[in-house]
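Proteins get letters first, then strands, A, B, ... in listed order; numbering begins at 1 in each. Only a predicted model underlies this, so the values are computations on that prediction, with no experimental measurement involved.
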Number of protein chains: 2
Amino acid sequence: MTAEDGPEADGGPNTGLLLFLPYRALEDRIFAALAEAGYDDFTPAQARVMQRISPDGTRLTELAAQAQITKQTAGFLVDQLEKAGYVRREPDPTDRRARLVCGAEKLWAAKEIADAVVAEVEREWEEHLGRRRYRQLREALTLLREITDPWAS
Amino acid sequence: MTAEDGPEADGGPNTGLLLFLPYRALEDRIFAALAEAGYDDFTPAQARVMQRISPDGTRLTELAAQAQITKQTAGFLVDQLEKAGYVRREPDPTDRRARLVCGAEKLWAAKEIADAVVAEVEREWEEHLGRRRYRQLREALTLLREITDPWAS
DNA sequence: CCAAATTAGTCAGAGACTCTGACCATCGTC
DNA sequence: GACGATGGTCAGAGTCTCTGACTAATTTGG
């Protein structure tokens, strides 16, 4: 089972499904927009790694932990991203074992498009829900993060 | 990029990430509980198909459409589930081309455990947010479904 | 200071997931 | 009854992910 599962008799579908549906819808929109703009040479799995790369570069182990995959898998995906020109690997000046995965121009250009789509979709959602309910939604989700995000700041 | 992506400067992380985090947390809890109860002989991909099976049985094409995978992939996953004893395939009395994928005892037993975990997690969330905010969250998500779920009833 | 434990990353191999393309059988329509 | 649409399978390839074993560098404890 996944989080989409659960009883649907009493109060409608379970909250997991309700969370998942808009998430997937947003993701689909982002992918479509990027593909249309010519950024069609990466996969969803690669994207999940890509989006974790900080402007200053991020270690492979850190990427793996945040994406909840093994470092071997992360390394495999970063290899693809490197070949496609989205990232570079640079030595970490503070630790000679480590290398920093750094975003290339191509990555930041793609991210700009992705950000625009996110903003557009969020506007649509706010319009559909109304300003007040949209604010309440974000407030509740932000609170929920405290008990569901192991990486919560 | 995925829906987790986006600008984080202005109003905190984007709504996609906020939706995804609790979803993944719930999914992880369900998987852990099922594994502990001995239901460790299926994969996440198989689960995404399993959960779409209605009590009356569901056609392969229908499962594929809802899970957003090809019917070939759905067939592959149902094969595994059949071998593991979670489902049976029965002829569809209304269409000789089709076969209904029906849940076996093992599936409903697992679903009972999954449902219990969902209920437990939802209780925790309601406690953390307070009854009022939790209700607002579900209300907003339910409304959002109208414009993000192609299968919305 | 140095041995031991830890951490960053790689290599090799295998299993699992997903897709495209091609195909057959049945259904619905005209 | 012919034809397009639908339900499903088979074959093949590419991608994702894991476990296990390994090297190199760092950190820790005496």
Fill in the blank from the handout: Atom CD of A:E62 and atom C1' of C:dT7 are separated, to the nearest Å, by 13 Å

Practice task
Please report, rounded to the nearest Å, how far the P atom of D:dG7 is from the CD atom of B:Q66.
Solution key: 13 Å

Handout entry: pair B:Q136-B:R132: side-chain heavy atoms closer than 4.5 Å
Key = yes

Problem - Whether over 12 other heavy atoms sit under 6.0 Å from B:E82 CD - result: yes

Problem - Spacing of A:F42 atom CZ relative to D:dT15 atom P, expressed in whole Å - result: 15 Å

Exercise for the section: Please report the closest heavy-atom contact between A:I147 and B:W125, naming both atoms and the distance. Expected result: CD1-CD1, 3.6 Å

Please write out each protein N/O paired with an N/O of nucleotides 14-19 of chain C under 3.5 Å, distance rounded to 0.1 Å.
unit_1 : atom_1 : unit_2 : atom_2 : d
C:dC17 : OP1    : B:T43  : OG1    : 2.1
C:dC19 : OP2    : B:T70  : N      : 2.9
C:dC19 : OP2    : B:T70  : OG1    : 3.1
C:dC19 : OP2    : B:T73  : OG1    : 3.0

Practice task
Please check if atom CD in B:E112 has more than 12 non-hydrogen atoms from other residues, nucleotides or ligands closer than 6.0 Å.
Solution key: no

Handout entry: Distance in angstrom units between A:D79 CG and D:dC16 P, rounded
Key = 12 Å

Problem - Criterion side chain to side chain contact (heavy atoms under 4.5 Å, CB included) on A:T15 and B:L26, from CA distance to verdict - result: CA-CA 9 Å; A:T15 309; B:L26 173 56; 5.7 Å; no

Exercise for the section: Have a look at the helix from C:dC1-D:dG30 to C:dC30-D:dG1 and give the angle its two end axes make, five pairs each, rounded to 10 degrees. Expected result: 40°

Practice task
Anything under 30° is parallel, anything over 60° is perpendicular, the rest tilted; go ahead and classify B:F31 against B:F42.
Solution key: tilted

Practice task
Take A:K106 and A:Y39 through the side chain to side chain contact (heavy atoms under 4.5 Å, CB included) test and state the conclusion after the steps.
Solution key: CA-CA 9 Å; A:K106 191 175 178 184; A:Y39 297 97; 4.0 Å; yes

Handout entry: Distance, rounded to the nearest Å, where B:E90 contributes CD and D:dG7 contributes P
Key = 19 Å

Handout entry: Step-by-step side chain to side chain contact (heavy atoms under 4.5 Å, CB included) determination, A:R133 to A:L137
Key = CA-CA 6 Å; A:R133 259 195 298 253; A:L137 172 64; over 6 Å; no

Practice task
Would you check if the side chain of A:K111 reaches a backbone N or O of A:M50 as a donor-acceptor pair within less than 3.5 Å?
Solution key: no

Exercise for the section: For atom CD of A:E139, decide whether the heavy atoms of other residues, nucleotides or ligands shown that lie under 6.0 angstrom number more than 12. Expected result: yes

Problem - Distance in angstrom units between A:E82 CD and C:dG9 P, rounded - result: 13 Å

Handout entry: Shortest non-hydrogen contact from B:V101 toward B:I53
Key = O-CG2, 3.5 Å

Handout entry: DNA chain C-proximal residues of residues 92-103 of chain B, any heavy atom under 4.0 Å
Key = B:D95, B:R96, B:R97

